[in-house]
There are 2 protein chains.
Amino acid sequence: MNAAPTNSSPRSPGSRPQQLDAVSKAIIEQLQEDGRRSYAEIGKAVGLSEAAVRQRVQKLTEAGVMQVVAVTDPMQLGFYRQAMIGLKVTGDTTAVAEELGRIPSVDYVVLTAGSFDVLAEVVCENDDDLIELLNKRIRAIEGVLSTETFVYLRLHKQFYNWGTR
Amino acid sequence: MNAAPTNSSPRSPGSRPQQLDAVSKAIIEQLQEDGRRSYAEIGKAVGLSEAAVRQRVQKLTEAGVMQVVAVTDPMQLGFYRQAMIGLKVTGDTTAVAEELGRIPSVDYVVLTAGSFDVLAEVVCENDDDLIELLNKRIRAIEGVLSTETFVYLRLHKQFYNWGTR
DNA sequence: AGTGAAACGACCGTAGA
DNA sequence: TCTACGGTCGTTTCACT
């Protein structure tokens, strides 16, 4: 095989991507179905011993390729109103992004190229909360020129990725 | 035991939202930090026995309030180009959403109100892949009138849960 | 809904091909 | 990087509160 990229350094932000073999992909798929599945059971599914699965999961986690975490459903918790908000910004976009990130109702912030400078996803209990969030918090941030709100009608597909640094 | 095959859909439609007490919130927080943390350890942290923690986690999961899953980092896997795509659609938006959902590179699809009918997040390896995805797959879907692409410059914040704060 | 106890199974470190 | 194995700890079931 080629030089094995055995990086034991735990999650360096600038580390290069690693190519996953079929087995690691299969392990990740197992954990995407159920993050609590036992290593032994995963091993049976992918044809590896329990210890080997454990080692690979540990390496994938330490390398920052994958994480096992709990995710919650806003709807089930009474947050009935979600929306994506496109923002046009003057000046420094990162400053606006940081302000947005401090708002608990804002769960997703990304700087973009295009007719919006920033996209932010928000989670609210109802329309009144959304209005207040927009007027009192988001549109009050210095540098925010305008917002356009895309109220969610139905979330159709969601696959959990992760990449915040 | 209980036949509970619910891996395909994270939502359980029709069920009412439930109010979480402080203990369940604490349990969810523990699993947010590490989805593989043992019930015993969580029990010590929240002041409950292992069996009690396990029961609550099982109920929260079955109710669709929470899921423990693996999330991956596209960047670490060589997917350097992410974008949000706003679509204008003629006719049935759900049909377009379903087509979009079948594309593996599309990890997020939501029907919206506003100047876009559908928002879709995509994950690509590079710009060429993005161009091909747009032209050959997305803009080829029947009913898609136009697309606007917001290329991600930097993902600034991403949360997987909202109800526990 | 919670606890406690005992049987069982999973997890972890170490050794070795 | 994997398997094998033994000690330890977590999970499961059940009887009880």
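Lettering of chains follows the sequences in order, A, B, ..., and the numbering in each one begins at 1.
- Separating the CZ atom of Arg54(B) from the P atom of dT11(D) is a distance of 7 Å, rounded to the nearest angstrom.
- Every pair tested for salt bridge (charged side-chain N to carboxylate O under 4.0 Å, His left out) that includes a residue from residues 146-163 of chain A fails, sequence neighbours excluded, so the list is empty.
- Rounded to a whole Å, the NZ atom of Lys44(A) is 11 Å from the P atom of dC11(C).
- Partners of Ser38(A) according to the side chain to side chain contact (heavy atoms under 4.5 Å, CB included) rule, which considers only residues two or more places apart in sequence or in another chain, are Ala40(A), Glu41(A).
- Within a 6.0 Å radius of CD in Glu98(A), more than 12 heavy atoms belonging to other residues, nucleotides or ligands are found.
- Applying the ring-ring contact (aromatic ring centres under 6.0 Å, His included) test to pairs two or more places apart or on separate chains, none has a residue in residues 55-76 of chain B.
- Considering only residues two or more places apart in sequence or on other chains, Arg81(B) meets the side chain to side chain contact (heavy atoms under 4.5 Å, CB included) condition with Cys124(B), Asp127(B), Leu130(B), Val151(B).
- At whole-Å resolution of the value, OH in Tyr39(B) and P in dA1(C) are 17 Å apart.
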Scan nucleotides 2-5 of chain C against the protein and return all N/O pairs shorter than 3.5 Å with their distances rounded to 0.1 Å.
| residue | atom | partner | partner atom | Å |
| --- | --- | --- | --- | --- |
| dG2(C) | OP1 | Arg56(B) | NH1 | 2.4 |
| dT3(C) | OP2 | Ser49(B) | N | 3.0 |
| dT3(C) | OP2 | Ser49(B) | OG | 2.5 |

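- Rounded to an integer number of Å, the gap from CD of Gln58(A) to C1' of dC2(D) is 15 Å.
- Sorted by first and then second residue, the ring-ring contact (aromatic ring centres under 6.0 Å, His included) pairs with a member in residues 93-141 of chain B read Phe150(A)-Phe116(B); sequence neighbours excluded.
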